[in-house]
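Report on one structure; see the data block that follows.
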Amino acid sequence: MTRHAAAKAAAKRVLRSLEAAGKLHHGDGQLRFRFWHRNWESGKKIDNLTPDENFDAETMRELASNRCQLEYIVQLTKAIGDSASDLLDRYERFLNPYFAKLSKGFASLPDELLGLIFKFAAHPEEEGPKYSIYISQVSRRFRRIALADQSLWSHLFFRHDTNLRRVKRCIDRAGDHNDVRLILKDSAMVEIEDLRMLMKICSPIAHRLRTISLFGNWDDSWEDANTDYTLAGTLNQLLPRRLSLPRLHELNLAQDFYSNPDNPGGLPIWVTSEAIESTNLWTTPHLRSLRCREYIPPPSFPFKTITSFSLRLTLIIRNAVSDQLVELCDFLSDMPNLEEVDLDLINDGNADEYSGPELEMVPLPAVKSFTIHARKFSLPFGALWVLGSFVNHLHMPKLERLAIHLEWEELNTFFSPRVLNRALPLFVFSMMPNPILHRYLKHCSIELSHPPFNIEDDTSEPTELREKEDLIELKIPLDRIPYVSVLEVKTYGNVYFFLADKDKASMQPYQLRELRLVACNNMVREDLEETLQSLEDIGARDTFERLVISNCELLDESMVDVAMAQKG
């Protein structure tokens with residue numbers, strides 16, 4: 001590289017650094033600091049010199065060199081400034097007409113429509129009324145509209161540095177009749193006295209609380225065995241406050257992962273949840289929904305009226321996986337009224353390759369709907385214990401709806417389709433509940449996601465994947481779901497039915513009436529015919545009545561009619 005080219009490349013790096021600095025600007029875009037000559041490396045030399053000093057040859061050479069360097073920097077910054085000004089003018093030409101129209105557009109909108117827009121913009125799940133406050137500060141009109149809508153102020157937000165006067169102000173603005181949502185979010189210790197003051201402020205409106213959410217990172221002090229500042233510790237501080245909560249419908253509990261205090265940037269650590277103390281003075285006759293993120297409540301969780309439970313959990317490698325699944329089983333076993341369970345399990349590293357101890361059977365006598373998302377799992381499928389053993393230890397005698405979603409890690413090798421075709425039947429089979437114990441299962445959904453292999457040209461047509469050796473087959477063991485009448489499938493290839501155990505299969509007539517193919521973009525008419533033929537081969541075609549396609553790029557209703565017309 002020539003010296004000129006090297007200088008140009010260095011100047012471009014300056015541009016990139018300036019753009020990176022520009023992204024960190026203050027909210028109003030104003031420069032909030034100044035540069036002094038001592039901020040420059042070449043300026044530090046000046047502080048140590050006096051005007052009447054006699055300089056030696058070495059010092060003169062250094063000063064002259066720095067002067068030339070600064071002259072070049074002035075030229076460079078002027079060139080960058082001129083270029084940035086020209087680029088800014090170009091942006092202005094595009095944006096000014098838009099901003100002008102936007103301003104006129106808002107002025108022409110009626111207050112009622114603006115109020116609806118505010119409702120959609122004002123309430124991120126973990127932010128409380130922050131955006132309602134921002135909206136109310138835009139203009140007098142916005143403030144008038146925002147203050148007139150009491151529901152905009154119904155999300156009470158608290159963290160360790162929250163001004164409690166602001167909480168009181170939101171309570172006043174929320175009126176006397178609207179449902180209220182309480183949000184506690186923090187990444188630092190919340191002082192117990194502050195929690196007590198918050199509950200004292202909220203006590204008069206406790207009968208209007210609809211949801212209570214705890215979001216945060218309570219891991220700052222766990223290594224010191226100080227449990228007051230963990231999620232369960234926070235609950236233990238709140239529950240002894242006598243509150244009547246007749247409208248409370250949902251409880252959200254979310255936390256970040258614990259990190260090893262000796263290795264903050266290392267792998268996360270799973271820490272078993274502390275027990276929740278038995279003192280619970282909350283009256284919650286209508287609390288039905290519990291949503292958790294990276295937190296499994298202990299068996300001592302006091303709200304046994306919960307009917308809907310959702311959990312987003314990252315499975316951590318090594319023995320933590322075993323602890324997590326055992327704790328999950330223990331919690332589920334102690335929740336006899338659950339009717340809906342939604343599990344979102346995310347593989348962290350090689351957690352899916354872990355093989356743990358035999359799990360205890362988990363009775364879920366009231367569960368009617370069970371959903372499991374398995375994300376970032378590797379193939380060939382290594383999660384037979386992590387997922388398969390867990391699911392097969394759930395006894396749900398009233399189960400009516402089952403949803404299975406596999407999102408596997410991307411495979412880039414030439415053999416990817418063959419690997420998938422061997423691995424996917426194992427996964428599907430391991431996720432199917434024992435049909436002898438689940439005779440009420442009528443609706444099943446199977447979804448496969450994540451591209452199975454790379455396509456260099458993202459604009460390519462789906463037909464380019466139609467090479468037979470590259471086609472992915474989703475093989476479904478129908479004898480594992482003999483009572484299902486409606487099956488919904490989303491996959492990348494075709495759908496094929498088979499029998500996992502032919503000797504036992506004939507003992508139970510199949511009840512499949514309807515097959516729904518959703519976004520199966522790589523299927524063609526021949527695949528529909530093969531699907532129906534596979535049903536006929538195992539003796540399930542006679543009771544089959546309806547084939548429905550939705551958002552499948554290469555299929556249309558006429559193809560379905562032709563395929564179904566060949567029945568019998």
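All of these numbers come straight from a predicted model, not from anything done at the bench.
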Query raised in the report: Does the side chain to side chain contact (heavy atoms under 4.5 Å, CB included) test come out yes or no for Leu338 and Ile306, once each step is laid out?
Result: CA-CA 6 Å; Leu338 284 179; Ile306 295 295; 3.7 Å; yes
Query - Within-4.5 Å side-chain heavy-atom neighbours: Arg293 and Phe215 - result: yes
Report task. Would you check if Val428 and Ile404 make a side-chain contact, meaning some heavy-atom pair closer than 4.5 Å? Result -> no
**Report entry** Approximate separation, where rounding is to 0.5 Å, of Leu535 CG and Phe498 CZ
**Finding:** 13.0 Å
Query raised in the report: So with a 6.0 Å cut-off around CZ of Arg375, is the heavy-atom count from everything else above 12?
Result: yes
Query raised in the report: If only atom types and distance count, is the side chain of His393 paired as donor or acceptor with the main-chain N or O of Leu359 below 3.5 Å?
Result: yes
Report task. Output, in order, the C-alpha distance, side-chain angles, deciding distance and verdict of side chain to side chain contact (heavy atoms under 4.5 Å, CB included) for Leu515 and Val489. Result -> CA-CA 8 Å; Leu515 174 62; Val489 177; 4.1 Å; yes
Report task. Please confirm whether the backbone N or O of Arg439 pairs with a side-chain atom of Lys442, one donor and one acceptor, at under 3.5 Å? Result -> no
Requested in this report: For Met396 and His438, run side chain to side chain contact (heavy atoms under 4.5 Å, CB included): C-alpha distance rounded to whole Å, both residues' side-chain angles, the deciding distance at 0.1 Å, then the answer.
Outcome: CA-CA 6 Å; Met396 302 172 283; His438 301 88; 3.8 Å; yes
Query raised in the report: Near Gln533 CD, under 6.0 Å, is it more than 12 heavy atoms from other residues, nucleotides or ligands?
Result: yes
Report task. Would you give the length of the straight line joining atom NE2 of His405 to atom CG of Asp344, rounded to the nearest 0.5 angstrom? Result -> 9.0 Å
Query - For Phe429 against Pro477, the heavy-atom pair lying closest together - result: CD1-CG, 4.1 Å
**Report entry** Approximate separation, where rounding is to 0.5 Å, of Ser213 OG and Leu182 CG
**Finding:** 8.0 Å
Report summary line: Shortest non-hydrogen pair, Gly493 vs Met523, comes out as O-CG, 2.8 Å
Query raised in the report: Would you say the side chain of Leu532 lies within less than 4.5 Å of the side chain of Leu528, judging by non-hydrogen atoms?
Result: no
Requested in this report: Look only at the side chain of Thr531 and the backbone of Val495, and say whether a donor-acceptor pair between them is shorter than 3.5 Å.
Outcome: yes
Report task. Would you kindly say whether Ser273 and Glu327 are connected by a side-chain donor-acceptor distance under 3.5 Å? Result -> no
Query raised in the report: Parallel, tilted or perpendicular for Phe301 and Phe331, by the 30°/60° rule?
Result: perpendicular
Query raised in the report: Does the side chain of Ser308 come within less than 4.5 Å of Arg288's, by heavy atoms?
Result: no
Report summary line: Asp479 and Leu499 have their tightest heavy-atom pair at OD1-CA, 3.6 Å
Requested in this report: For the residue pair Ile481 and Ile476, establish whether any side-chain heavy-atom pair is separated by less than 4.5 Å.
Outcome: yes
Query - Exam field: side chain Arg480 to backbone Met432, donor-acceptor pair closer than 3.5 Å - result: yes
Report task. Examine distances only and state if a side-chain atom of His249 and a backbone atom of Ser289 form a donor-acceptor pair shorter than 3.5 Å. Result -> no
Report summary line: Only one of Asp323, Leu315, Val321 passes side-chain contact (heavy atoms from CB on, under 4.5 Å) with Trp270, and that residue is Asp323
Query raised in the report: Under the 3.5 angstrom rule, does the side chain of Arg513 hit a backbone N or O of Gln511 as a donor-acceptor pair?
Result: yes
Query - Residues, nucleotides or ligands: over 12 heavy atoms within 6.0 Å of Leu87 CG - result: yes
Query raised in the report: So, does Arg541 use its side chain to make a donor-acceptor pair with the main chain of Ile538 at under 3.5 Å?
Result: no
Query raised in the report: Within a strict 4.5 Å, meaning less than it, do heavy atoms of the Ile549 and Glu557 side chains meet?
Result: yes
Query raised in the report: Does the Thr305 side chain pair with the main chain of Leu287, one donor and one acceptor, at a distance under 3.5 Å?
Result: yes
Query raised in the report: Measuring from Leu487:CG to Ser445:OG, what's the distance to the nearest 0.5 Å?
Result: 8.0 Å
Query - Trace of the side chain to side chain donor-acceptor pair (under 3.5 Å) decision for Thr314 with Glu294 - result: CA-CA 7 Å; Thr314 302; Glu294 311 300 357; 2.8 Å; yes
Requested in this report: Apply the test side chain to side chain contact (heavy atoms under 4.5 Å, CB included) to residues Asp342 and His373: give CA-CA distance (whole Å), side-chain angles for both, the deciding distance (0.1 Å), then the verdict.
Outcome: CA-CA 8 Å; Asp342 189 333; His373 304 258; 3.5 Å; yes
Query raised in the report: What's the shortest heavy-atom distance between Ile372 and Phe370, and which atoms?
Result: CB-CE2, 4.0 Å
Report summary line: Residues pairing under salt bridge (Lys or Arg N to Asp or Glu O under 4.0 Å) where one sits in residues 485-496, two or more places apart or in two chains, turn out to be Glu447-Lys490, Glu488-Arg516
Query - Over all atoms of both residues, closest heavy-atom pair of Val484 and Val486 - result: CG1-O, 3.2 Å
Query raised in the report: Can you find a heavy atom in the side chain of Asp334 that is under 4.5 Å from one in the side chain of Lys304?
Result: yes
Query raised in the report: For Arg525, which residues count as a side chain to side chain contact (heavy atoms under 4.5 Å, CB included) partner, sequence neighbours excluded?
Result: Glu529, Met559
Report task. Look up atom CE in Met361 and atom CG in Leu394, then write down how far apart they are to the nearest 0.5 Å. Result -> 8.5 Å
Report summary line: Output for pair (Asp330 CG, Ile296 CD1), nearest 0.5 Å, gives 9.5 Å
Report summary line: Correct closest heavy-atom pair for Pro365 and Lys398 would be O-CD, 3.4 Å
**Report entry** Leu517 side chain near Leu547 side chain, heavy-atom distance below 4.5 Å
**Finding:** yes
